[in-house]
Protein chains: 2
Amino acid sequence: MALRHAVLAALLDEELSGYQVTKAFAAGVANFWHALPQQVYAELAKLEKEGLVAGREVVQEGRPNKRVFRVTGEGLAELESFASAAAKPSFLREDLLVQVQAADHLDAGVLIERLTERYAFAEAKAALFEEQLHRMRGGLDEADFLLRGASRVGPYLTCRRGRDFERANRDWCREVMEVLRARGAEGRGGA
Amino acid sequence: MALRHAVLAALLDEELSGYQVTKAFAAGVANFWHALPQQVYAELAKLEKEGLVAGREVVQEGRPNKRVFRVTGEGLAELESFASAAAKPSFLREDLLVQVQAADHLDAGVLIERLTERYAFAEAKAALFEEQLHRMRGGLDEADFLLRGASRVGPYLTCRRGRDFERANRDWCREVMEVLRARGAEGRGGA
DNA sequence: TCCTCATAGTCAAGAAAGTGACTAGTCAGT
DNA sequence: ACTGACTAGTCACTTTCTTGACTATGAGGA
């Protein structure tokens with residue numbers, strides 16, 4: 001029951017179509033959630049049936065019509081009740097962690113490949129988030145924006161968490177690679 | 001197909017029973033994965049049927065007997081092939097992020113409660129990981145342990161990631177709270 | 001004696017999430 | 001005319017995760 005709230009939260013600031021929500025959640029841009037189109041459409045259908053969002057047909061020229069959704073009063077109430085219940089903390093759950101856990105029994109070269117890929121991915125994603133943050137805060141410096149900025153700070157803060165998360169991933173990958181390389185050199189007759 | 005590899009990785013360094021694996025994965029201690037007993041037992045049964053782990057009955061006195069498992073050669077091969085395939089990067093997926101995303105539309109007081117809880121949880125968990133790290137590296141300082149330590153560095157490195165993740169969560173919670181409080185004061189007639 | 005806790009493990013059912021394939025229209029190139 | 005990419009949305013299926021209950025045994029405390 002978390003995707004539904006993520007969808008509601010995404011619709012708070014603007015009316016979006018299912019397709020647009022999907023885009024916002026798509027790999028690379030999602031700062032606070034991730035889901036595939038099928039899940040988003042299914043959830044929107046359920047939310048509409050329950051009256052938490054209201055859909056509206058938008059006729060377009062040159063491309064297919066779409067249905068955009070906005071959050072209703074009931075939807076906002078649902079979000080508030082979600083926020084008043086304790087949030088369950090999530091765990092790190094990443095393939096790469098499992099692979100590094102087994103590092104002492106696996107080939108270091110293969111692992112370093114994985115770490116290199118993840119490093120590049122993290123770097124790229126962090127840069128993307130950084131850009132987004134820059135756009136959001138406009139001309140203002142961060143402290144000013146957060147204290148007195150006119151626009152919504154929620155999305156900014158979650159985006160920051162996303163950026164810092166990927167930076168941490170990147171730094172961890174670098175360090176693990178250093179350790180694996182150093183131990184490899186040591187084992188083959190280094191210092 | 002990641003739980004199976006997590007279980008294999010957990011069994012690499014010692015023979016464990018399903019119950020012990022569950023404990024290792026239990027909330028609070030799991031540094032690289034999390035799963036409930038039912039999942040662990042089911043996965044172990046499947047792994048044994050496929051010959052990736054081998055079970056052995058251990059008769060105990062004063063408590064129920066147990067079956068402990070060790071990874072077979074085939075199991076290790078499975079892990080190696082898992083490590084040679086690209087790992088899919090995971091996303092942050094946490095209730096609290098959704099709640100903060102909606103922060104501008106919700107009551108700040110309620111959110112601050114959630115953030116306070118998460119802050120305390122993160123702090124406690126980071127401390128736990130820190131203890132574990134200390135135990136693992138024994139007397140050595142970190143650089144020495146990582147380069148020349150006799151014991152396995154995989155678990156140490158994943159534990160470090162867990163600790164840093166929770167520290168980052170803690171710091172983020174603190175900052176979000178500061179922003180919410182500052183904006184609240186501003187709104188009610190501050191500076 | 002009864003109660004609770006820790007060890008050790010299992011069954012059944014359901015919600016949530018993920019995968020693959022597919023329709024249908026428009027536009028830009030080649 | 002054909003190809004590929006983008007917008008917009010849907011169907012069917014499977015895997016994974018979570019919830020709740022349940023069976024045993026033994027140890028320690030009120």
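Naming convention: chains lettered A, B, ... in sequence-line order (proteins, then strands); numbering from 1 in each chain.
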Visitor: Using whole Å, what does the distance between atom C1' of nucleotide C:dA8 and atom CD of B:Glu57 come to?
Guide: 11 Å

Visitor: Quick check: closest heavy atoms across A:Thr158 and B:Leu97, and the distance to 0.1 Å?
Guide: CG2-O, 3.2 Å

Visitor: Within this structure, what is the CG-to-P distance between B:Leu16 and C:dG9, rounded to whole angstrom?
Guide: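 Roughly 11 Å, once rounded to whole Å.
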
Visitor: Closer than 4.0 angstrom, basic N to acidic O: yes or no for A:Arg160 and B:Glu175?
Guide: yes

Visitor: Any chance you could list the contact pattern along nucleotides 2-16 of chain D? Use B for base contacts, S for sugar-phosphate-only contacts and - for none, protein heavy atoms under 4.0 Å, 5' to 3'.
Guide: -----BBBBB----S

Visitor: What is the separation between atom CG on A:Leu36 and atom C1' on C:dA21, rounded to the nearest whole Å?
Guide: 14 Å

Visitor: Taking ring pair (Phe, Tyr, Trp, His ring centres under 6.0 Å) as the definition, give me every residue that meets it alongside A:Phe69, ordered by chain and number, with sequence neighbours left out.
Guide: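 A:Phe69 satisfies ring pair (Phe, Tyr, Trp, His ring centres under 6.0 Å) with no other residue.
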
Visitor: What is the ring orientation for A:Phe165 with B:Phe165, classed by angle as parallel under 30°, tilted 30 to 60°, or perpendicular over 60°?
Guide: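 Perpendicular: the ring planes of A:Phe165 and B:Phe165 meet at over 60°.
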
Visitor: If only atom types and distance count, is the side chain of A:Arg114 paired as donor or acceptor with the main-chain N or O of B:Ala83 below 3.5 Å?
Guide: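 Flag set: sc A:Arg114 to bb B:Ala83 pair under 3.5 Å.
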
Visitor: Can you tell me the distance, in whole Å, between the CZ atom of A:Phe25 and the P atom of C:dA16?
Guide: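 These atoms are roughly 15 Å apart.
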
Visitor: Once ring pair (Phe, Tyr, Trp, His ring centres under 6.0 Å) is applied, do any residues pair with B:Tyr119, and if so which ones, sequence neighbours excluded?
Guide: none

